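In what follows, a structure is listed as structure tokens, so that the remarks can point back to it.
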Amino acid sequence: MTPDDVAYLVHNLWILVAAALVFVMHLGFATLEAGLTRAKNTVNILFKNVGIVAIGLLTYAVVGFNLMYPTDAHPWIVDGVLGSFAPAGPAEGGQSIAYNGKYTYWTDFIFQGLFAATAATIVSGAVAERVKIGPFLVFSAIYVAIVYPIVGSWKWGTGWLDSFRGVGFYDFAGSTLVHSVGGWGALAGVIVLGPRLGKYVKTNGSTLIRPIMGHSMPHATIGMFLLWFGWYGFNGGSVLSADPASVSLVFVTTSLAAAAGIAGAMATSWLVQKQPDLTMVLNGALAGLVGITAGADVIPVWSAVLVGLVAGVLVVLAVVTIDRAGLDDPVGAISVHLVCGVWGTLAVGIFAPGKDFVAQLVGVGSIGATCFASALAIFVVLRMTVGVRVSREDELAGLDRSEHGMEAYAGFQFFRTQ
């Protein structure tokens with residue numbers, strides 16, 4: 001084996017390991033969302049998160065990979081959106097070396113495909129406890145198959161944003177291209193669906209915001225740590241090699257931003273709510289992770305701490321503000337993924353040497369407008385045709401019984417009423 005062969009093996013293996021870590025993030029999302037919602041909707045949350053993995057991988061294989069990387073040859077899938085289906089493998093039986101000899105075609109696909117499902121998973125938490133399972137899965141399939149790869153191609157597929165203003169829009173691992181794409185879809189879904197029953201109560205001409213607590217803080221906490229663990233693959237794998245210096249830097253900036261996000265959310269929730277709120281702290285960690293994702297490889301270490309700290313503050317203020325605006329987001333997905341995704345992307349233009357703030361702003365705006373308009377259109381069409389919200393009776397009974405005919409905690413009377 002030559003030194004080049006060994007290097008190729010190591011690079012390829014690391015990206016496959018990173019893909020496996022990204023896969024673990026889906027368990028993290030499922031556990032976090034289940035913990036932050038009521039017990040009577042747990043099966044529904046878990047079902048959506050399982051279904052989304054299948055939708056993400058299959059749609060990415062059929063059309064998403066080609067849409068996101070239109071200049072690459074992918075002969076084993078649809079040859080262009082309207083082209084012919086050619087199921088034959090790529091040259092050299094799938095062993096062709098891509099991107100400077102660092103990894104194979106198949107490694108490229110599986111790493112990118114596991115990213116794709118994440119965008120719809122973000123929407124799942126925001127629309128929890130009142131969305132019909134069928135229409136939600138239809139939305140997920142359309143959004144992940146078409147909207148996500150099209151806007152992703154503008155940067156990652158060397159589209160118009162990649163060379164904008166000569167410097168280009170920069171998003172290392174997806175603060176905008178993954179997280180805010182999901183966040184814009186979540187915002188559209190929340191607007192179309194409306195709040196959960198009992199969330200906002202009219203009293204004497206004013207509106208009382210009634211907290212609806214999640215049923216399991218241990219589940220939510222485990223979910224956060226699983227997501228943080230998976231983020232080492234999400235960001236570390238986005239180096240697209242096993243280069244020691246680059247991967248090490250990304251691990252450090254990712255970790256410190258998450259820790260600073262916890263600190264920022266802890267201090268802010270203590271000041272705003274007069275008590276330290278665990279759910280805010282959990283979302284603070286995720287806010288820091290989302291914030292640093294756009295520039296984990298180019299933002300200096302101590303600037304990464306500041307990015308995470310600001311994200312932790314922003315997520316608490318955003319949760320409170322969005323709640324007061326009458327937008328019911330049970331898990332804080334809009335605050336974490338949209339607000340902090342936008343912040344992290346703009347932070348690249350502030351803290352990363354040689355990056356252009358205007359290009360970052362244009363990227364955030366163009367992708368945001370496209371994703372929100374697309375998601376809103378999909379949800380509105382679904383509402384007008386098959387409906388997107390369960391009945392009042394089904395919502396009160398819980399989606400586990402009404403949508404799935406089973407319970408997550410069968411035999412436990414306390415959980416049946418939650």
Side-chain angles (χ1 to χ4, degrees), residues 25 28-29 31-37 118 121-122 125-126 128 173-176 178-180 182-183 186 211 213-214 216-232 234-235 251-296 299 301-324 327 329-347 351:
M25 294 178 74
F29 275 117
T31 310
L32 178 74
E33 291 174 18
L36 292 178
T37 52
T118 306
T121 302
I122 293 165
S175 288
T176 284
V178 177
H179 293 282
S180 78
M213 303 303 294
S216 176
M217 291 304 101
H219 277 87
T221 304
I222 291 168
M224 183 278 286
F225 278 115
L226 285 169
L227 284 166
W228 188 340
F229 176 63
W231 231 288
Y232 291 120
F234 199 88
N235 284 0
F251 267 54
V252 170
T253 55
T254 298
S255 301
L256 291 180
I262 291 174
M266 185 188 304
T268 307
S269 69
W270 219 321
L271 288 171
V272 172
Q273 300 172 292
K274 310 305 178 186
Q275 289 180 310
D277 185 328
L278 175 61
T279 63
M280 291 293 193
V281 168
L282 297 179
N283 274 336
L286 301 180
L289 290 163
V290 170
I292 198 58
T293 292
I299 291 178
V301 169
W302 292 111
S303 296
V305 173
L306 185 57
V307 169
L309 188 68
V310 172
V313 173
L314 283 176
V315 76
V316 175
L317 299 179
V319 166
V320 173
T321 302
I322 289 169
D323 210 14
R324 289 176 179 172
L327 299 172
D329 179 358
V331 304
I334 299 170
S335 302
V336 170
H337 299 280
L338 175 53
V339 174
C340 295
V342 168
W343 155 243
T345 308
L346 296 179
F351 297 108

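For clarity, every value in this text was computed on a predicted model and none was experimentally measured. Excluded from the calculations below are hydrogen atoms, water molecules and symmetry mates; all remaining heavy atoms, backbone and side chain alike, are included.
Residue pairs meeting the side-chain hydrogen bond (donor to acceptor under 3.5 Å, both in side chains) criterion with at least one partner in residues 264-274, sequence neighbours excluded, are Gln273-Asp277. For residues 304-324, the set of pairs meeting the salt bridge (Lys or Arg N to Asp or Glu O under 4.0 Å) definition, not counting sequence neighbours, comprises Lys199-Asp323.
Here the closest non-hydrogen pair linking Cys340 and Val336 is CB-O, 3.0 Å. In plain terms, the two heavy atoms of Ala265 and Val281 that are nearest each other are CB-CA, 4.2 Å. Nearest heavy-atom pair, Leu338 versus Ser180, reported as atom, atom and distance to 0.1 Å: CD1-CB, 4.0 Å. Nearest heavy-atom pair, Ser335 versus Ile322, reported as atom, atom and distance to 0.1 Å: OG-CD1, 3.4 Å. In plain terms, the two heavy atoms of Met25 and Leu227 that are nearest each other are O-CD2, 3.3 Å. Scanning all heavy atoms of the two residues, the minimum distance from Thr37 to Ala128 falls at CG2-CB, 4.0 Å.
Within the 4.5 Å cutoff, no side-chain heavy atoms of Val315 are placed close to those of Met280. A 4.5 Å side-chain heavy-atom check between His337 and Val178 finds every atom pair outside the cut-off. Residues Trp228 and Ile262 are in side-chain contact: their nearest non-hydrogen atoms beyond the backbone lie under 4.5 Å apart. With contacts defined as side-chain heavy-atom distances shorter than 4.5 Å, the pair Leu271/Val316 does not qualify. Side-chain contact between Thr279 and Leu36 is present, with heavy atoms from C-beta onward closer than 4.5 Å.
A side-chain donor-acceptor contact under 3.5 Å links Thr253 to the backbone of Ala296. Judged by distance alone, the side chain of Trp343 and the main-chain N or O of Val307 form a donor-acceptor pair under 3.5 Å.
To the nearest 0.5 Å, atoms CG (Leu346) and OG (Ser175) are separated by 10.0 Å. Separating the CD1 atom in Ile222 from the CE atom in Met217 is a distance of 11.5 Å, to the nearest 0.5 Å. The OG1 atom of Thr254 sits 9.5 Å away from atom CH2 of Trp231, with the distance rounded to the nearest 0.5 Å. Rounding to the nearest 0.5 Å places CG of Asn283 at 11.0 Å from CG of Leu289. A distance of 11.5 Å separates OG of Ser303 from CG of Leu256, quoted to the nearest 0.5 Å.
Between His179 and Phe234, the ring planes lie tilted relative to each other; the angle falls in the 30° to 60° range.
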Verdict with reasoning, Leu32 to Val331, per side-chain contact (heavy atoms from CB on, under 4.5 Å): CA-CA 8 Å; Leu32 178 74; Val331 304; 5.8 Å; no

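Remark: Phe225 engages no residue in a ring pair (Phe, Tyr, Trp, His ring centres under 6.0 Å) (not counting sequence neighbours).
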